[in-house]
Amino acid sequence: MGTAKLIRLHPPTEREDRPPEEIVEDYLDHLCAPLVGIMPFGRRERLRAEARYNILERADLYTLEGMPPQEAAEEAVRKYGDTRDLSEAFLEEWLHSLPQGALARRIGLPMSYAAFFFIQASLWGFVLLQYRLFFPNDQPMVLSLSPAQIRAFYPEPLPLPESNPLWLLVWVYGFLAPLVAGWLTGVKAPIGAARSVATILAWLILLTFVVGTLMLPLTEGLLFAMLQLLWWIPAGTLTAHVASALARRRRLRFQPPTRRKKSL
């Protein structure tokens, strides 16, 4: 093997010796880490103290039953639950306790943000669509392909695509709207942003299909519903998830309190 040295790794022991207090505190660190920057420090400390008390009480019970202290602590934190699920449950409970409007109290804060932004996006989309239908542009731009060539890509009964500026604005808006609405939802909602966006869009798409059916023989409403189904759901949920993750990372940074200026 030349000058290369063979590094021998010793097999790990079956169980690492850790003090019971270290096991409990390590669990509490993982439990409270997702709450940093969202839940206030005082409320977070009370939650940590309550969790520590319940875990240690359960560990003492296991010890009285004859279990070694280390195994008792490990079993206590295992029975207490998964830290990620508990953190989200604590956040949802705390968000429900905040002063909120009637809609947020009924459907939850993340869902209300998703409803607010995506309902507005859908309404403005319908406004542009209705304006284009009832006030068409009389000076369309010249198509680069003939209708026969376009039919090779858009067979019957799909309508021929238009190239006037207003129709282009409708498609650009339909592409950008879920990205903007999803980003705003993710920034505002600390948890459950993607799930809330998917739920709200499912109801909105159903409503759009109903409205599009009532607009027949004009097919623009159904095309808008298809755009929401095929583009808005994946784009909105992904953007909301990314924005929520970035916002959570930003909240994890410690922000020193600003000094209050003394009044003269």
Side-chain angles (χ1 to χ4, degrees), residues 103 107-189 192-247:
L103 181 63
I107 65 175
L109 191 62
M111 198 79 70
S112 63
Y113 278 125
F116 177 76
F117 292 120
F118 277 91
I119 288 177
Q120 284 197 80
S122 298
L123 287 177
W124 280 109
F126 264 109
V127 167
L128 287 175
L129 195 61
Q130 293 295 322
Y131 186 82
R132 179 247 164 246
L133 291 176
F134 293 103
F135 299 96
N137 194 337
D138 295 331
Q139 297 179 352
M141 293 183 292
V142 179
L143 291 172
S144 58
L145 299 177
S146 66
Q149 292 173 322
I150 294 176
R151 277 304 178 198
F153 303 98
Y154 294 90
E156 294 284 357
L158 293 177
L160 287 173
E162 302 179 31
S163 60
N164 62 68
L166 186 56
W167 188 242
L168 180 62
L169 176 62
V170 171
W171 281 104
V172 171
Y173 177 86
F175 178 80
L176 295 179
L179 301 178
V180 176
W183 185 269
L184 293 175
T185 303
V187 169
K188 292 291 185 179
R195 182 175 65 250
S196 301
V197 169
T199 303
I200 292 298
L201 277 178
W203 288 100
L204 285 177
I205 292 171
L206 180 61
L207 179 62
T208 305
F209 267 111
V210 173
V211 175
T213 304
L214 296 176
M215 292 172 59
L216 291 174
L218 299 176
T219 59
E220 281 78 357
L222 292 179
L223 289 176
F224 186 62
M226 291 299 298
L227 178 66
Q228 287 183 315
L229 178 64
L230 299 178
W231 170 245
W232 282 39
I233 285 185
T237 52
L238 180 60
T239 307
H241 176 74
V242 172
S244 181
L246 293 177

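Residue L128 is tested with L123, V172, L169 for a side chain to side chain contact (heavy atoms under 4.5 Å, CB included); the sole match is L169.
Residues meeting the ring-ring contact (aromatic ring centres under 6.0 Å, His included) test with W124, sequence neighbours left out: none. For F126, the ring-ring contact (aromatic ring centres under 6.0 Å, His included) test picks out F224, with sequence neighbours left out.
Using a 4.5 Å heavy-atom cutoff, the side chains of K188 and F117 are in contact. Counting only heavy atoms from C-beta outward, the side chains of W232 and F118 approach each other to under 4.5 Å. Between V187 and Y113 there is no side-chain heavy-atom pair separated by less than 4.5 Å. T237 places none of its side-chain heavy atoms less than 4.5 Å from the side chain of H241. A heavy-atom distance below 4.5 Å is found between the side chains of L222 and L216.
Of all heavy-atom pairs between G174 and P178, the closest is O-CD, 3.4 Å. Annotation for P110 and G192: closest pair CB-O, 4.1 Å, computed over non-hydrogen atoms. Across every non-hydrogen atom of L179 and A235, the tightest pair is CD2-CB, 3.8 Å. In terms of heavy-atom proximity, G186 sits nearest to A193 at CA-CB, 3.9 Å.
Separation of atoms CD1 (I233) and CD1 (I200) is listed at 11.5 Å; rounding is to 0.5 Å. To the nearest 0.5 Å, atom CG of residue L184 and atom CD of residue Q120 are 9.5 Å apart. From L129, atom CG reaches atom OG of S122 across 11.5 Å, with rounding to the nearest 0.5 Å.
Without hydrogens or angle criteria, W231 side chain to F175 main chain gives a donor-acceptor distance under 3.5 Å. Of the possible polar contacts, none joining the S244 side chain to the A240 backbone as a donor-acceptor pair under 3.5 Å is found.
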Ignoring hydrogens and angles, write down the donor-acceptor pairs under 3.5 Å from the side chains of residues 202-210, residues two or more places apart or on other chains.
{"from": "T208", "atom 1": "OG1", "to": "L204", "atom 2": "O", "distance (Å)": "2.7"}
{"from": "T208", "atom 1": "OG1", "to": "Q228", "atom 2": "OE1", "distance (Å)": "2.8"}

